[in-house]
Protein chains: 2
Amino acid sequence: MQTDLVLRNIAKHIQLTPDEQAYFLALLKPKTLKRKEFLLEEGEVCRYSSFVTKGCLRSYTLNKNGDEHVLAFAPPDWWMADMYSFISQKPGTLFIEAMEPTEVLMLSKADQQQLYSDIPKFERFFRIIVENAFVSSQQRLLDNLSLTAQERFRNFCQKYPSLVTTLPRKQIASYIGVTPEFFSKMMKTV
Amino acid sequence: MQTDLVLRNIAKHIQLTPDEQAYFLALLKPKTLKRKEFLLEEGEVCRYSSFVTKGCLRSYTLNKNGDEHVLAFAPPDWWMADMYSFISQKPGTLFIEAMEPTEVLMLSKADQQQLYSDIPKFERFFRIIVENAFVSSQQRLLDNLSLTAQERFRNFCQKYPSLVTTLPRKQIASYIGVTPEFFSKMMKTV
DNA sequence: GGGAAAAAATAACCTAGGTTAAGAAATTGG
DNA sequence: CCAATTTCTTAACCTAGGTTATTTTTTCCC
């Protein structure tokens with residue numbers, strides 16, 4: 001199990017003793033996903049929060065016309081879940097799919113709750129993670145309200161430099177909120 | 001000082017002893033705002049998280065063309081801050097303005113940190129608050145990507161029933177992401 | 001209560017981005 | 001390495017929503 005990355009991820013915000021590290025690592029369930037395999041589908045309850053160690057995940061919804069809308073990408077060192085479903089433990093609306101062969105470390109809702117009680121520092125850790133995610137979600141909202149597709153694409157390039165070259169363009173188009181056809185038109189006009 | 005509301009707000013997620021309640025309440029600074037008075041302006045550091053007990057706040061940005069974009073409304077029982085600035089203690093981009101005569105209870109960043117150490121339950125409380133805010137921000141993002149203005153307006157009516165009748169229409173238009181002119185056109189077509 | 005300011009409505013015209021369709025290029029997995 | 005699938009591009013046409021300008025209505029506050 002590839003654990004360096006997740007320990008360094010946590011060390012950015014809280015300090016753990018070796019015992020605490022061992023206790024935490026014992027809770028993680030590793031999982032390997034093939035390209036296009038789903039970690040979660042619409043209507044399921046999201047029972048795990050997953051940390052990506054290799055590959056890449058994306059979360060998206062399918063609206064009533066069958067259009068996909070990408071909510072987030074998770075390259076290595078990112079956490080991913082259907083947050084609504086994970087916190088409420090009710091059926092969610094997101095699909096979470098591997099974009100390529102991907103490895104994750106999964107922490108169940110129950111184990112996370114246990115962790116909060118046993119090692120309160122983890123409550124701080126996840127609070128900080130969610131605070132940052134919230135700020136970035138709000139910024140993206142404002143960007144969608146006030147910037148052109150061109151400008152949102154520039155933002156995307158800065159936020160996910162590693163993904164710009166590796167991801168299919170249609171996925172990037174969906175994330176910034178335009179059709180692949182318009183994205184293509186836009187890329188000619190530079 | 002009007003403290004019932006904030007104590008009930010907290011009691012939704014954590015249980016406090018009378019001593020803890022008293023300790024918490026002693027940290028809050030009440031403030032009264034006139035209509036159109038600012039609680040925070042662009043470029044300032046957001047030093048407080050504010051709980052609304054009366055009236056209503058809104059947060060918005062001004063883009064380079066001078067257009068306002070409403071990020072959030074806070075009627076009574078809601079918390080409001082420029083989250084980016086509050087967590088980083090760097091200058092932010094939001095304006096926070098009173099829509100009408102408004103009363104808030106303000107908790108400083110330093111006091112919040114102290115509270116986390118002294119009464120770890122508060123770390124849980126604010127984690128839960130931010131989790132919910134994050135989920136709702138993500139849902140709004142998806143709504144902006146996949147719904148029409150008409151549908152977003154219906155969502156707004158469900159989310160903030162008390163504001164639909166009291167707020168100027170141009171503010172609602174800005175929140176759902178359309179111009180007041182288009183909003184007006186849209187309201188005729190029902 | 002009344003004058004100033006803000007908000008709302010209307011309408012003519014404009015544009016960023018969507019739709020449909022069809023062919024070309026790139027990936028992928030057997 | 002090759003057939004199937006997916007992705008990308010192009011182009012003609014379309015539409016949700018924006019812009020500008022003017023008038024009407026409402027709200028505020030002295």
Side-chain angles (χ1 to χ4, degrees), chain A residues 32-38 55-56 58 60 62-70 73 95 97-102 143-156 163-190, chain B residues 32-38 55-56 58 60 62-70 73 95 97-102 143-156 163-190:
Chain A
T32 301
L33 296 151
K34 293 184 204 139
R35 188 178 121 85
K36 299 206 170 182
E37 195 179 343
F38 288 101
C56 184
R58 69 167 178 139
Y60 67 93
L62 221 49
N63 70 10
K64 49 185 177 296
N65 309 323
D67 308 320
E68 291 180 5
H69 292 279
V70 173
F73 295 110
F95 293 84
E97 184 200 40
M99 303 291 297
E100 50 188 281
T102 296
D143 287 355
N144 279 319
L145 293 174
S146 67
L147 303 181
T148 63
Q150 191 83 245
E151 294 168 315
R152 277 177 270 143
F153 176 59
R154 267 183 229 120
N155 282 180
F156 178 86
L163 299 183
V164 180
T165 46
T166 59
L167 240 42
R169 290 181 159 199
K170 64 178 289 198
Q171 300 300 339
I172 300 178
S174 172
Y175 180 92
I176 68 173
V178 296
T179 58
E181 293 84 355
F182 181 76
F183 191 80
S184 201
K185 197 195 291 186
M186 188 181 87
M187 293 304 270
K188 283 197 303 182
T189 330
V190 179
Chain B
T32 300
L33 295 152
K34 292 183 204 138
R35 189 177 120 85
K36 299 206 172 183
E37 196 179 343
F38 288 101
C56 184
R58 70 166 177 138
Y60 67 94
L62 221 48
N63 71 9
K64 49 184 178 294
N65 309 323
D67 308 318
E68 292 181 4
H69 292 279
V70 173
F73 295 110
F95 294 83
E97 185 199 40
M99 303 290 297
E100 50 189 279
T102 296
D143 288 353
N144 279 317
L145 293 174
S146 67
L147 304 181
T148 62
Q150 190 83 247
E151 294 168 315
R152 276 177 273 143
F153 176 59
R154 266 183 231 122
N155 282 179
F156 178 87
L163 299 182
V164 179
T165 45
T166 59
L167 240 42
R169 290 183 160 199
K170 63 179 290 198
Q171 301 299 341
I172 300 177
S174 172
Y175 180 91
I176 68 172
V178 297
T179 59
E181 292 84 353
F182 181 75
F183 191 80
S184 201
K185 198 195 291 186
M186 189 181 87
M187 293 304 271
K188 283 196 303 183
T189 331
V190 180

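Just so it is clear: chains get the letters A, B, ... in the order the sequence lines come, proteins before strands, and each one is counted from 1.
At least one side-chain heavy atom of A:Met187 sits under 4.5 Å from a side-chain heavy atom of A:Phe153. In this structure, A:Tyr60 and A:Glu68 have side chains that are in contact, with non-hydrogen atoms separated by less than 4.5 Å. Considering only heavy atoms from C-beta on, A:Asn155 comes within 4.5 Å of A:Leu147 through its side chain. Under the 4.5 Å side-chain criterion, counting only non-hydrogen atoms from C-beta, B:Phe183 is in contact with B:Arg169. Considering only heavy atoms from C-beta on, A:Gln171 comes within 4.5 Å of A:Pro168 through its side chain. Put simply, the side chain of B:Glu37 does not reach to within 4.5 Å of the side chain of B:Glu97, judged on heavy atoms.
Note on the helix from C:dG1-D:dC30 to C:dG30-D:dC1: angle between the axes of the first and last five pairs equals 70°, rounded to 10 degrees.
The distance from atom CZ of A:Arg35 to atom P of D:dT5 is 14 Å, rounded to the nearest whole Å. Distance NZ (A:Lys36) to C1' (C:dT27): 10 Å, rounded to an integer number of Å.
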Find every protein N or O atom lying less than 3.5 Å from an N or O atom of nucleotides 15-20 of chain D, and list the pairs.
unit_1 : atom_1 : unit_2   : atom_2 : d
D:dG17 : OP1    : B:Ala149 : N      : 3.3
D:dG18 : OP2    : B:Thr179 : N      : 3.2
D:dG18 : OP2    : B:Thr179 : OG1    : 3.4
D:dG18 : O6     : B:Lys185 : NZ     : 2.9

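The aromatic rings of B:Phe38 and B:Phe95 sit tilted, their planes meeting at an angle between 30° and 60°.
A salt bridge does not link B:Glu100 with B:Arg58: every distance from a Lys NZ or Arg NE/NH1/NH2 to an Asp or Glu carboxylate oxygen is 4.0 Å or more. The pair B:Glu151-A:Lys64 counts as a salt bridge, with a side-chain nitrogen and a carboxylate oxygen less than 4.0 angstrom apart.
Of the residues in residues 163-171 of chain A, those lying under 4.0 Å from DNA chain D by heavy-atom distance are A:Pro168, A:Arg169, A:Lys170.
Of all heavy-atom pairs between A:Ser146 and B:Asn63, the closest is CB-ND2, 3.7 Å.
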